[in-house]
Number of protein chains: 2
Amino acid sequence: MGDDPCVGETRRGRPTMNDVAAAAGVALKTVSRVVNSEPGVNAATANRVQAAIERLGYRRNDSARILRRGRTASIGLVIEDVADAFYSSLSRAVEDAALHHGYLLFTGSSREDAARERDLVLAFCARRVDGLIIVPAGSDHGYLAPEFEAGIKAVFADRPPGAGCEADTVLCDNAGGGRTGTAHLIAHGHRRIAFLGDSPGIFTAAERLRGYRQALAAAGLPYDEGLVVMAPPDPARMRADLARLLTASDPPTALLAGNGRTTVETLRALASLTGAADAGAAGGLALVGFDDFELADLLGITVVAQDPARLGRTAADLLFMRLSGDEEPTSRIELATRLVPRGSGERPPLPLRDRTAG
Amino acid sequence: MGDDPCVGETRRGRPTMNDVAAAAGVALKTVSRVVNSEPGVNAATANRVQAAIERLGYRRNDSARILRRGRTASIGLVIEDVADAFYSSLSRAVEDAALHHGYLLFTGSSREDAARERDLVLAFCARRVDGLIIVPAGSDHGYLAPEFEAGIKAVFADRPPGAGCEADTVLCDNAGGGRTGTAHLIAHGHRRIAFLGDSPGIFTAAERLRGYRQALAAAGLPYDEGLVVMAPPDPARMRADLARLLTASDPPTALLAGNGRTTVETLRALASLTGAADAGAAGGLALVGFDDFELADLLGITVVAQDPARLGRTAADLLFMRLSGDEEPTSRIELATRLVPRGSGERPPLPLRDRTAG
DNA sequence: CAAGGAACTGACAACGTTGTCTAGGGCCAT
DNA sequence: ATGGCCCTAGACAACGTTGTCAGTTCCTTG
């Protein structure tokens with residue numbers, strides 16, 4: 001009479017185990033056993049249940065399951081921005097690990113906003129994720145205290161947690177990378193090296209600057225504030241800064257770019273300033289970038305390479321160790337960086353008079 | 001006596017609303033009202049409850065909430081690979097939309113594997129996501145039927161669902177883009193244009209090839225299978241293919257690369273084959289890439305640009321329309337592509353004898 | 001043949017929350 | 001003074017699952 005071809009009750013919404021049980025003529029618990037492949041169900045019964053499951057299109061409700069069992073088999077990942085290649089590589093590594101362990105993954109980008117980091121983390125906690133991997137934007141992680149109390153595991157990646165927050169941490173050796181990159185330029189004869197970093201509040205930016213200063217000091221070179229820019233990589237601002245640097249009375253002969261974004265924007269700025277088609281050699285400046293990027297090989301850009309996938313993998317490994325009961329003291333791992341010479345960082349200083357030739 | 005400084009019972013695990021209620025001397029339901037900012041609670045009482053919440057570090061259990069309310073305020077996103085720039089831009093757009101609507105986001109990469117796409121989607125469904133955005137890897141979406149029956153909303157992005165699956169779809173105009181790119185090369189005098197695509201089973205790859213053929217036909221040019229490669233972008237394989245193409249008796253004077261990956265790998269292959277530092281001009285070949293990529297501007301690579309962020313935004317908009325009750329017939333949106341001339345696609349055909357000059 | 005066990009199945013409570021309904025008390029208008 | 005209403009608060013069931021425990025059947029074994 002109705003227009004529903006199904007046999008029996010027309011239920012709106014999803015069938016439950018109860019519906020399946022009724023359809024198969026067994027008890028609820030038996031369905032549960034079949035769904036979870038628990039032993040102790042007669043093959044014939046199991047088949048009947050299985051048939052009912054397929055006929056009704058039954059799908060277990062994991063919210064109920066989670067509520068009952070207390071574990072969610074999911075983890076949360078908070079990064080700075082998925083659209084950034086560094087973080088998307090990291091994401092992918094975490095995703096792989098999660099999949100491998102049978103976990104589902106919540107993802108969110110903080111956009112370098114501490115409040116947003118906190119909201120995301122707490123939302124994940126409300127969903128009762130078993131663990132968290134956090135690239136922190138903020139420096140106060142007091143809000144995590146009740147979560148730790150409740151047994152949640154967290155691993156910090158790329159940047160350490162705020163003071164007073166004890167948790168596993170995986171970092172790159174940012175200061176070491178800054179030293180290496182700077183020392184490389186010094187070894188090629190440069191004495192005036194500009195550092196184009198990100199906001200000084202960002203841990204990695206500050207560390208890399210520290211490494212830069214260490215290398216200068218080790219070589220007996222003075223630290224000149226006029227050669228350092230620490231600000232978010234805005235294209236227009238960077239072009240202006242570079243123009244100012246290059247037309248100064250004692251301009252730099254080499255640049256160290258503080259991260260992937262600044263490297264790329266530096267290349268753009270150089271290209272637009274010098275009009276050179278081959279930005280890699282623009283202005284005869286030597287250039288070392290921090291963080292490798294796609295096509296750096298073709299552009300011949302020397303970089304201090306990090307390994308975001310390894311960072312993600314390591315963080316995930318630590319987390320899953322914790323989730324499987326590991327109670328060791330928290331560890332802090334620093335991953336080495338690797339200098340990849342490709343030409344732009346091996347150019348000797350160009351005497352001032354040759355500059356305009358481009 | 002114990003070593004726990006807390007007053008009252010020492011509970012392991014998280015405090016519940018019941019615990020908060022006991023601590024504040026009110027009923028469970030009153031706590032619920034406070035937590036959810038429901039009206040009808042005296043300010044003084046609310047303060048008492050709030051204090052208890054903070055003292056105990058209470059955090060609502062969303063699994064229970066979801067179970068009770070039936071809606072999860074979360075959506076699932078299945079893409080091909082987060083680490084790919086195209087999909088990470090798309091992800092970010094979806095993430096923004098989710099945040100804006102107060103939804104949480106599950107993410108997973110299918111790796112071009114239909115079974116994995118299915119597993120991810122079903123896992124998300126088991127978590128009772130309210131909606132799905134899917135970049136399908138497979139071509140059979142029958143497994144979604146029970147989910148649709150249960151009221152889940154799904155939007156397909158970048159590629160259409162398999163036959164028989166009626167759902168909102170947002171695509172790029174792949175055939176149109178293929179036509180545009182090919183016509184552009186033809187307009188610059190090319191008659192022998194190679195097409196370097198991806199696996200023919202991938203919808204976008206097949207569509208772009210179709211556009212290429214349409215443009216050839218429109219210009220009265222023959223379709224030469226020898227100029228077409230349809231396979232996943234493996235670097236070694238691509239180098240071999242390019243070497244074969246370029247040393248053939250009647251080699252192409254221009255290349256149309258089928259997607260971002262193939263464009264980049266083509267550049268690498270050309271650079272390694274010709275030894276040219278400036279890969280953009282390697283071998284004097286004209287080149288148009290499908291899908292824009294970072295630094296294409298600096299390299300001077302002409303592309304048929306898609307807009308992955310817009311794709312994600314549009315898909316999310318459609319999904320949230322559905323989630324807010326929209327019952328219109330399903331729509332299929334095609335987003336226009338945009339040709340961005342940058343030099344590599346505007347080179348005229350180079351006579352064969354000049355080739356080796358590189 | 002009785003007793004014991006193995007294999008299978010089911011009844012029931014509990015997970016932590018929210019929706020519905022009811023109850024008490026204070027205040028206003030009649 | 002009394003009925004009625006609003007404001008506040010709580011009791012209780014229900015969401016769909018899983019863990020515990022108890023029951024039934026049937027087979028083995030002494």
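Computed from a prediction, not measured in an experiment: that's the story for all the values here. Below, all heavy atoms of this structure are taken into account, side chains as well, without hydrogens, waters or symmetry copies. Residue numbers start from 1 in every chain, and the chains themselves are labelled A, B, ... in the order their sequence lines are given, proteins ahead of strands.
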Thr45(B) meets the side chain to side chain donor-acceptor pair (under 3.5 Å) criterion, sequence neighbours left out, with none
Check side chain to side chain donor-acceptor pair (under 3.5 Å) between Arg59(B) and all other residues, then give those that pass, not counting sequence neighbours.
Glu147(A)
Thr30(A) side-chain N/O to dG10(C) phosphate OP1/OP2 under 4.0 Å:
yes
Rounded to 10 degrees, the angle between the two terminal axes of the helix from dC1(C)-dG30(D) to dT30(C)-dA1(D), each from five pairs
50°
Using a 4.0 Å heavy-atom cut-off to protein, can you give one letter per nucleotide of nucleotides 16-28 of chain C, 5' to 3': B if the base is in contact, S if only the sugar-phosphate is, - if neither?
BBBB---------
Contacts of type ring pair (Phe, Tyr, Trp, His ring centres under 6.0 Å), residue Tyr58(A), not counting sequence neighbours
none
Using the ring pair (Phe, Tyr, Trp, His ring centres under 6.0 Å) criterion, which residues pair with Tyr87(B)? Sequence neighbours excluded.
none
From CZ of Arg48(B) across to C1' of dA9(D) the rounded distance in Å is 11 Å
Below 6.0 angstrom between ring centroids: does that apply to Phe320(B) and His100(B)?
no
If you look only at distance, which donor and acceptor atoms sit under 3.5 Å apart when one is on a side chain in residues 21-34 of chain B and the other is two or more places apart or in another chain?
none

State which residues pass salt bridge (charged side-chain N to carboxylate O under 4.0 Å, His left out) with Glu95(B); sequence neighbours excluded, sorted by chain then number.
Arg111(A)
Under the side-chain contact (heavy atoms from CB on, under 4.5 Å) test, which residues partner Ser139(B), sequence neighbours left out?
none
